[in-house]
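Shown next, in structure tokens, is the structure this report addresses.
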Amino acid sequence: LIVPCYNEAQNVDAFYDRCLQVFEPAEFEVIFVNDGSKDDTYKKLQHLHEEYSNVLVVNFSRNFGKEAAIYAGLHYATGTYLSIIDADLQQDPEIVKHMTEILEKKPDVDVVAAYQKQRHEGKFMAWCKDHFYRFINRLSEVDLRENASDFRTFRRNVQEALLDMPEYFRFSKGLFSWVGFETEYIPYVAAERFAGTTKWSFAKLIKYAMEGVISFSTMPLQLATFCGALVSVFAIVYG
Ligand code: UDP
Ligand code: MG
């Protein structure tokens, strides 16, 4: 399990305990990536690492964002199946178990991705997200499944493909779609956060959405070229 953590000191112990309830100790490994937390997350993770041999900790020098944390986790993960999951227990490790069972049963499926059946958010937010998916699916060659996040379990071939992409800005949803592979989608209901608050403000989400569009579509570039040409024509005529 690859677990990006930013200020999750109150959650990491509970997260690991939940894993112990779901998996046998020899069956899993957790790679916590401390993404420059300002609270005691790193200290808590060090304790977990000292106590349990299947806990690995990657520590960032500052906050680089969830996407960078996922990338670092992918570098260190050695499991047969890899899973990306949040530290706040909104996504139950039990679902990961179910995902691995699907991979075990179906050799032709390489990725099992979970999507949220219903979202616990306001109408405005739901509207924004809905339109973001429509917009990016129309503009870019990647096809994003609505409400599917990076909560997924996949095989090593997918890990290798993701690591092969040295993107500076990593828009996971897009990267997963870009590398392809047979993907099965399963619905899940996100639980309430165990402790703490979300790290995504509306402004951060807008920035993220814009970077996603720029990374996976040349439309903004074409628009800039077109506007530049138009201004040049006007300037020549005026001159
Ligand atoms: N996260 C991170 N770096 C960041 C922001 C978030 O590693 O800069 C982690 C966070 O600790 C959590 C996961 O990404 O494990 C999802 O974040 P959050 O729960 O705040 O997002 P939400 O569930 O509200 O979409
Ligand atoms: Mg969360």
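Each ligand, and each atom within it, is numbered from 1 in the order the structure gives. Source: prediction; values computed, not measured.
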Check this for me, if you would: do K199 and E8 make a salt bridge, where the nitrogen-to-carboxylate-oxygen distance has to be below 4.0 angstrom?
yes

Residues in side-chain hydrogen bond (donor to acceptor under 3.5 Å, both in side chains) contact with K97, at least two apart in sequence or another chain:
none

Pairing residues for Y188 by the ring-ring contact (aromatic ring centres under 6.0 Å, His included) criterion, not counting sequence neighbours:
F151

In this structure, is the centre-to-centre distance between the rings of Y52 and Y16 below 6.0 Å?
yes

If you measure from the Lys or Arg side-chain nitrogens to the Asp or Glu carboxylate oxygens, is any gap between D35 and K66 under 4.0 Å?
no

Check against side-chain contact (heavy atoms from CB on, under 4.5 Å), V33 and Y6:
CA-CA 8 Å; V33 184; Y6 179 54; over 6 Å; no

Under 2.8 Å from the Mg ion (ligand 2), which protein N, O or S atoms do you find? Ignore water molecules.
D88 OD2, Q90 OE1

Any chance the side chains of T153 and S83 put a donor and an acceptor closer than 3.5 Å?
yes

Every residue of the protein that comes under 4.0 Å of ligand 1, judged on heavy atoms:
P4, C5, Y6, E8, D35, N63, G65, K66, D86, A87, D88, Q90, R193, T198, K199, W200, K204

Regarding N11 and D88, do their side chains bring together a donor and an acceptor under 3.5 Å, going by distance alone?
no

Given 3.5 Å as the limit, does a donor-acceptor pair link the side chain of Q90 with the main chain of A191, or not?
yes

